[in-house]
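What follows is one structure encoded as structure tokens, with my remarks underneath.
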Number of protein chains: 2
Amino acid sequence: MSDGGDGTVGKALSVLDLVAAQERPIRFAELHRMSALPKATLYRLAQTLVSQNMLVQDPETGAYSLGVRLVRLAHAAWRQASLAPVARPFLDQLSAETGLTVFLAQMDYGYVLYLDRRNARDAAATFSDAGKVGPAYCTALGKAMLAYLPEDELEQALGQQSYYRFTPTTLGSAAVLRQALERTRARGYAREREEHEPGAIAVAMPVRAADGRVLGAVSISGTTVQTDIRRLEGLVPRLRQTVDRVSREASHWEFPVEGETEREGRAV
Amino acid sequence: MSDGGDGTVGKALSVLDLVAAQERPIRFAELHRMSALPKATLYRLAQTLVSQNMLVQDPETGAYSLGVRLVRLAHAAWRQASLAPVARPFLDQLSAETGLTVFLAQMDYGYVLYLDRRNARDAAATFSDAGKVGPAYCTALGKAMLAYLPEDELEQALGQQSYYRFTPTTLGSAAVLRQALERTRARGYAREREEHEPGAIAVAMPVRAADGRVLGAVSISGTTVQTDIRRLEGLVPRLRQTVDRVSREASHWEFPVEGETEREGRAV
DNA sequence: AATGCAGTTTCATATAATGGAACTGCGTTG
DNA sequence: CAACGCAGTTCCATTATATGAAACTGCATT
């Protein structure tokens, strides 16, 4: 939407977003149709992004898709995101012990951004899940984080929810959600009972910094076929232990040491 | 290094790269020292990137690190990179059958960019590997791709290698590498015998489009402790089958259907 | 030959980036 | 405690750069 603001750079990034939102390579004309930017401007921006390897252009059709430079940058982003690499071993353990699927996520503009997933059963790639976004108002992860957000951020986040009723149990408004968050705080963990997808249930707890700031959340999830909410709630103490450990490691980690940065390869 | 070219956008992206190269959050002054850009310019660019969520600034120290918007973009990039999602099931299968580690990669500016990894044993996260880069001249994946590059691209890539001698068996120059690539083509697959890391061996084959263009490569790798090069070479027919299938699927896939792009959530 | 559409280039104009320098606030030092 | 040094921030005249309407090219369709 709009032009991204922040001058040329913002516009360029809005073009990236537009291409990212696409399922398949997108031709210039189509891009132009959705972009609000004038043709020549858009054209030059796209060219610039291609020359910067942020976009790639199909040699045949000229259609644009996202470039590999992004994958590289994201690897670095993930590595730097303190939470994900730190949480890794703990998620492994939790998933192995419970035999259920474990997610790590953080808030991103009112959405739940998945950082990692661990599944005891299959060795499925987590990459395809990291970077995904989902709604906050109807997931255990989202509610776990919302419940401990400071009032101003919560206010903002509540306004960004769609409150679309995915299922009969979906919370349908900010007011109802607020009450649910109240109960979440009282209970100490968040529950999700088929509010987003039929058959999907989960419990989640926030990972908080020493100062109380919400860094992210961890969930244990399953289907009504393989488990039930009672059993998940029984795992809450174990979940609590996990988020505590992640939290401790994360704060511990913040500034590893102001030493030289060791590098194996040469930067390109 | 330098300023990235391409005006403001290029400069902004060069700032991103600089932050990405860092192991930990980087302060403004340090950034300024490595950046060649004048202070005020760099400052405004960094602010813009922060306001665009490409960078995040630690509220305490003001230090910059990469923002989550990148993780989101990269997820889309990976999804769009035709090769990675298409190859997924085949890699799963290959890894499960052989019990060894399987990699998928593509060339990126003379480097090998890892797109996916599958390990039969542990359910380790692949995300932390996707986006990694490694040298081309001393890995099976690299040589498999180099061997089938058109002359002009090969020339360029050869010039970008460091030829650092990681081990006694590392190929130490472009001339030697050229001969090795000759043999790779004759043989039909690439080998790596402790040229990059002691104890690490692999075989690899390129994934090529119908027109012969190199899309990427798949490798089967192991350590000299768990296997040996003879056994890996015995798996080459199976590897060939895999790359053929990936290649077929990939070309098949290029343009799924010019339909409307279904979207579950609203773009932010 | 004529029309339509995608992609590309042009160029006068206006806007936005530039960067040297000055300023602020803070911690250190003589 | 005054003076200094350093990180981070703002100012503002200057200039370079992005802008975008319009014209153009090439190609496919009729």
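Just so we're on the same page: letters track the sequence lines, and every chain starts at 1. Nothing here was measured: the structure is a model prediction, and the numbers come from that model.
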Has A:Trp78 got a side-chain atom pairing as donor or acceptor with B:Val71's backbone, closer than 3.5 angstrom? no

Rounded to whole Å, the CG-P distance (A:Leu31 to C:dC5) equals 19 Å

Find the distance A:Glu60:CD to D:dC27:P and express it as a whole number of Å. 15 Å

Distances for protein N or O near nucleotides 4-8 of chain D N or O, under 3.5 Å:
{"from": "D:dG8", "atom 1": "OP2", "to": "B:Phe28", "atom 2": "N", "distance (Å)": "3.4"}
{"from": "D:dG8", "atom 1": "OP2", "to": "B:Ala29", "atom 2": "N", "distance (Å)": "2.6"}
{"from": "D:dG8", "atom 1": "N7", "to": "B:Lys39", "atom 2": "NZ", "distance (Å)": "3.0"}
{"from": "D:dG8", "atom 1": "O6", "to": "B:Lys39", "atom 2": "NZ", "distance (Å)": "3.0"}

Backbone N/O of B:Lys11 and side chain of B:Ser14: donor-acceptor pair under 3.5 Å: yes

Could you tell me the separation between the CD atom of B:Gln47 and the C1' atom of C:dA16, rounded to a whole number of Å? 17 Å

Can any side-chain N or O of A:Arg69 pair as donor or acceptor with the backbone N or O of A:Met54 at less than 3.5 Å? no

Angle between ring planes, A:Tyr163 versus A:Tyr137, binned at 30° and 60°: parallel, tilted or perpendicular? tilted

Pairwise N/O distances under 3.5 Å, protein to nucleotides 13-18 of chain D:
{"from": "D:dA18", "atom 1": "OP1", "to": "B:Thr8", "atom 2": "N", "distance (Å)": "3.4"}

Backbone of B:Ala84 reached by a side-chain donor or acceptor of B:Gln106 within 3.5 Å: no

Determine yes or no for a side-chain-to-main-chain donor-acceptor pair under 3.5 angstrom, with A:Gln161 supplying the side chain and A:Gly110 the backbone. yes

Can you tell me how the ring of B:Tyr164 sits relative to the ring of B:Phe166, calling it parallel under 30°, perpendicular over 60° and tilted otherwise? perpendicular

Is a side-chain N or O of B:Gln80 found less than 3.5 angstrom from the main chain of A:Leu66, in a donor-acceptor match? yes

